[in-house]
Amino acid sequence: MSKTKKKIFSAVKAVKANARERVGQPPSERVLLDPKQKRGAKEKHKETLADLINRTGE
C-alpha cells in the first residue's frame, strides 16, 4: 500500500468551514430564465391558414 498524502493547511478552506458551521449551508443556486428566450420558445411554428380560418369561423 502507498502512503496517504499529507494534507496541507489552507486558510481559505478553514474559514469557509467555520462559516458553514456557524451560519449553515448557503442555499442552492437558482437559475433564472431569460425573458427573451421564454418569449421565443412559445411559438415554434406559425399558424397555418387552415387553423386561422377555423379559429375565426368558430
Side-chain angles (χ1 to χ4, degrees):
M1 283 179 73
S2 62
K3 279 187 164 181
T4 58
K5 190 173 180 181
K6 191 175 181 182
K7 290 189 178 181
I8 301 172
F9 177 76
S10 172
V12 174
K13 288 183 181 179
V15 168
K16 286 184 178 184
N18 190 18
R20 272 189 233 107
E21 283 178 16
R22 292 177 182 211
V23 179
Q25 285 282 62
S28 59
E29 187 175 313
R30 290 190 332 179
V31 178
L32 299 175
L33 298 175
D34 187 19
K36 290 180 183 176
Q37 286 181 341
K38 192 174 183 181
R39 244 185 286 132
K42 285 183 182 176
E43 297 180 25
K44 287 195 173 192
H45 304 284
K46 290 184 179 180
E47 291 189 50
T48 62
L49 184 59
D51 290 339
L52 288 171
I53 293 171
N54 289 337
R55 189 174 53 160
T56 56
E58 292 178 350

All N/O donor-acceptor pairs, side-chain side in residues 21-33, below 3.5 Å, sequence neighbours left out:
{"residue": "Arg22", "atom": "NE", "partner": "Asn18", "partner atom": "OD1", "Å": "3.4"}

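Here Glu47 pairs with Asp51, Leu52, Arg55 under the side chain to side chain contact (heavy atoms under 4.5 Å, CB included) rule; sequence neighbours left out. Judged as a side chain to side chain contact (heavy atoms under 4.5 Å, CB included), and not counting sequence neighbours, the contacts of Val12 are Ser10, Lys16.
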